[in-house]
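Have a look at the structure below, then the notes.
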Amino acid sequence: MFIMKLLLILHFYLSRVLITYQMSGKQLQAPTDLFIRQFKWHMTVVVGSVIAICILYIRVSWHDSTVPLPPQPQPRRKSSGSLPQELSDLTHLLHWPPTLGDGGDLLASTSPQTSTYHLRGPPQASYTLGGYLEAILVARDHQGRPKTHGGDLFRAQLLGPYLKAGVPGDIQDLENGTYLLSFPLLWAGQAQVQVRLIHSSEAVGVLRRIWRDQWATVDFTGYFRGPTGYEETVTCNVNPLLTGEEESTCHYRDEDSGELWFCARPPTLPCDSLVGHSSGHYWNVTTPHEEALLAWNVTDKVLPQSISPIWVAKESNKSLVLSPQQPCHPGIPGPKPSGFYHRAVWHSLSCSGRSFSTVDSILGCLAGHIVHMMGDSTLRQWWEYLRDTVPSLKPVDLHATYQTGPLMAVETTRGIVMHWRAHSWPLRSLRTPVASLHSVVRELGGLAGGPHTVVVLGLGSHFTTFPPSAFVQRLAGIRAAVAALLAREPLTLVVIKLANTGYKSVYGSDWFTLQVNRLLRAAFADLRVAFVDAWEMTSSLALPDRIHPGRLIVRSEVNFFLSFICPT
């Protein structure tokens with residue numbers, strides 16, 4: 001706008017010069033060469049004035065040279081840069097029944113010892129394979145009084161202990177203190193209902209408040225290094241107000257995703273000397289009463305057994321409900337439940353997943369493929385499982401921090417290359433070079449794609465310490481990058497690993513993970529990608545929840561993942 005005004009002024013000034021010449025030509029009959037000399041002089045004055053004004057304007061408006069200006073994000077395709085409509089309405093997408101407080105009385109909160117459940121109908125001698133078992137759960141407080149509102153986080157399972165079988169039950173919150181439980185009967189033989197209270201509604205209320213009101217519950221450390229090797233450390237975070245130095249911060253913009261990162265300005269070193277990143281501190285964000293609501297003795301506890309084991313009869317000599325016949329491919333709708341375990345093997349209910357039980361079967365599937373895994377440490381477990389299972393898949397030492405990568409393994413005779421690297425900040429990790437923290441958007445933008453390219457994204461665990469808006473912003477950039485990759489090479493396989501169960505604290509509760517998975521599904525719902533439902537794979541068996549699941553679970557996740565690469 002400023003330059004346009006200068007051009008208008010210049011045009012006006014020259015027009016006056018020409019008018020002056022025309023008038024003087026008629027009245028004074030001045031020679032032509034006199035006009036030329038006058039015109040050149042006027043031009044010199046005008047152009048010089050414009051240049052001087054521009055220089056003055058730039059000097060006045062230019063930022064302090066000691067503050068590194070963030071580079072502008074690269075332009076994105078307009079068609080892929082917007083999120084699906086349902087993801088923009090977080091209130092609807094992350095709906096949870098209202099959670100009332102207990103008025104400071106811990107005994108008024110939901111108790112795992114007094115809450116009960118019973119069959120919805122009369123018990124039967126045997127049940128039909130492929131049918132459903134329904135039960136009613138009544139939530140009660142520590143004094144045995146029935147609750148009058150919902151909002152508790154329960155988890156229900158139907159287990160076959162002798163068959164190493166299990167499936168998650170569906171829980172419908174009736175929002176009056178009762179819950180309707182529904183279990184599909186997917187295998188023949190004995191089955192047993194188990195219900196666990198993960199968090200009382202009062203504890204969920206604490207988590208909701210923190211997620212809504214706290215900008216973060218952790219911080220990070222930035223390491224700055226000068227030319228002589230001298231270092232200074234400061235606090236960094238997703239928001240400049242969280243660095244402890246509101247008036248003086250260094251800000252960094254990712255050139256590819258456009259996301260910002262902030263660090264307090266070091267005492268003497270410049271902002272562009274940031275070389276390292278690591279976890280910082282966990283903040284105390286709860287009161288003593290809130291800590292009691294989230295304590296171990298009322299969190300993730302099994303309710304007293306209320307239903308006797310049932311017997312499921314065979315159906316036409318079938319011992320289990322068979323998986324669908326359709327091969328696994330991206331874009332398959334996700335049923336609920338997404339699958340079940342039987343004899344410690346995961347059976348998908350969306351497609352005919354395969355079992356890759358031998359080294360040769362894994363090598364045959366991965367042959368000629370380049371696999372790019374990007375995300376958190378639960379996805380790194382896939383890379384580790386394949387490295388440890390296939391002896392000829394050799395890791396390459398890239399001299400990187402193992403916890404954050406990049407990691408690489410190759411199998412030269414079959415042409416297999418397998419990468420893993422952590423997503424960029426916010427990342428809770430040991431100290432790692434900032435230069436190694438590539439954003440997922442940056443990595444996706446550098447892939448040509450094609451039928452031999454496989455991309456796996458595993459996000460969620462490191463975003464539970466921030467409000468949902470931070471994760472939505474990350475998903476917006478990644479979704480745009482995935483859409484662009486599939487547009488230029490539609491045969492590229494993109495797999496989304498949902499976050500699994502694990503943490504039960506104010507910093508990483510399963511309640512947060514449920515919300516994160518809702519956002520993940522919504523972000524990629526209209527794209528041709530495949531989903532691996534790690535949440536249900538880690539919540540179907542009678543195994544303790546661990547943020548890093550055991551080998552049985554990881555093997556099931558990897559087998560289902562390979563089923564999309566090699567569906568037949």
Side-chain angles (χ1 to χ4, degrees), residues 92-100 109-124 126-141 144-160 165-187 190-205 207-208 298-312 321 333-340 349 501 510-511 513-515 517-518 521 533 535-536 539-542:
H92 170 72
L93 187 64
L94 302 180
H95 170 73
W96 193 266
T99 51
L100 305 179
S109 63
T110 306
S111 167
Q113 285 79 33
T114 61
S115 297
T116 59
Y117 56 93
H118 59 271
L119 289 176
R120 191 177 188 186
Q124 303 177 21
S126 66
Y127 292 80
T128 304
L129 182 67
Y132 283 86
L133 180 73
E134 292 187 335
I136 299 293
L137 189 160
V138 179
R140 291 182 168 87
D141 67 15
R145 298 171 298 190
K147 302 293 289 290
T148 58
H149 61 83
D152 299 292
L153 178 57
F154 287 101
R155 186 186 301 165
Q157 300 165 299
L158 188 67
L159 303 171
V167 65
D170 180 68
I171 300 179
Q172 181 182 353
D173 189 344
L174 303 181
E175 301 190 25
N176 60 1
T178 60
Y179 300 79
L180 176 61
L181 313 181
S182 179
F183 305 91
L185 305 177
L186 301 173
W187 64 86
Q190 193 180 77
Q192 174 71 63
V193 173
Q194 178 176 281
V195 180
R196 294 155 68 188
L197 176 65
I198 306 299
H199 291 302
S200 67
S201 60
E202 292 75 17
V204 171
L207 300 176
R208 292 180 71 171
V298 291
T299 299
D300 192 22
K301 294 300 178 184
V302 177
L303 271 61
Q305 193 59 254
S306 304
I307 298 177
S308 299
I310 65 168
W311 184 264
V312 181
V321 172
K336 190 171 180 62
S338 61
F340 66 100
L349 291 176
T501 59
D510 282 348
W511 185 82
T513 305
L514 271 175
Q515 317 310 316
N517 280 340
R518 289 180 179 181
R521 282 198 179 276
D533 194 345
W535 173 269
E536 292 202 352
S539 61
S540 296
L541 291 175

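Every value quoted in this text rests on a predicted model; they were computed, and no experiment measured them.
From Leu133, atom CG reaches atom CG of Leu158 across 6.5 Å, with rounding to the nearest 0.5 Å. Rounded to the nearest 0.5 Å, atoms CZ (Arg155) and CZ (Arg196) are 5.0 Å apart. Note: Thr114 OG1 to Leu303 CG = 8.0 Å, rounded to the nearest 0.5 Å. Interatomic distance, Ser182 OG to Lys336 NZ, rounded to the nearest 0.5 Å: 10.5 Å. Rounded to the nearest 0.5 angstrom, Leu186 CG and Tyr132 OH are separated by 7.5 Å. In this structure, the separation between NE2 on His149 and CG on Leu100 is 4.5 Å, given to the nearest 0.5 Å.
Heavy atoms only, all atoms of each residue included: Tyr117 and Leu137 are closest at CB-CA, 3.8 Å. When every heavy atom of Ser201 is checked against every heavy atom of Gly150, the shortest pair comes out as CB-O, 3.4 Å. Shown here for Val193 and Gln305, the closest heavy-atom pair between the two residues is O-OE1, 3.0 Å. Annotation for Ser338 and Asp533: closest pair OG-OD2, 3.2 Å, computed over non-hydrogen atoms. Of all the heavy atoms in Val204 and His199, the pair that sits closest is CG2-CB, 3.8 Å. Between Ser111 and Leu197, the closest heavy-atom pair is C-CD2, 4.1 Å.
The side-chain heavy atoms of Ile198 and Thr501, taken from C-beta on, include no pair separated by under 4.5 Å. Looking at Ser306 and His118, their side chains never come closer than 4.5 Å, going by heavy atoms from C-beta outward. Between Thr99 and Leu207 the shortest side-chain heavy-atom distance does not fall below 4.5 Å. No side-chain heavy atom of Leu181 sits less than 4.5 Å from a side-chain heavy atom of Ile136.
Applying the salt bridge (Lys or Arg N to Asp or Glu O under 4.0 Å) criterion to Glu134, with sequence neighbours excluded, gives Arg120. Residues satisfying the ring pair (Phe, Tyr, Trp, His ring centres under 6.0 Å) test with Phe154, not counting sequence neighbours, are Tyr179. Partners of Asp141 under the side-chain contact (heavy atoms from CB on, under 4.5 Å) rule, at least two apart in sequence or in another chain, are Gln143, Arg145, Lys147. Partners of Phe340 under the ring pair (Phe, Tyr, Trp, His ring centres under 6.0 Å) rule, at least two apart in sequence or in another chain, are His347. Applying the salt bridge (Lys or Arg N to Asp or Glu O under 4.0 Å) test to Asp152 and every residue at least two apart in sequence or in another chain returns nothing.
Within the cation-pi definition used here (under 6.0 Å to the ring centroid, within 45° of the axis), Arg518 does not qualify as a partner of Trp535.
No side-chain donor-acceptor contact under 3.5 Å links Gln113 to the backbone of Gly144.
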Counting only pairs under 3.5 Å, give me each side-chain donor-acceptor contact of residues 165-175, with atom names and distances, residues two or more places apart or in other chains.
unit_1: Asp173; atom_1: OD1; unit_2: Glu175; atom_2: N; d: 2.7
unit_1: Asp173; atom_1: OD2; unit_2: Gly151; atom_2: N; d: 2.8

Quick one: do Leu185 and Ile310 satisfy side chain to side chain contact (heavy atoms under 4.5 Å, CB included)? Show the steps, please.
CA-CA 10 Å; Leu185 305 177; Ile310 65 168; 4.0 Å; yes
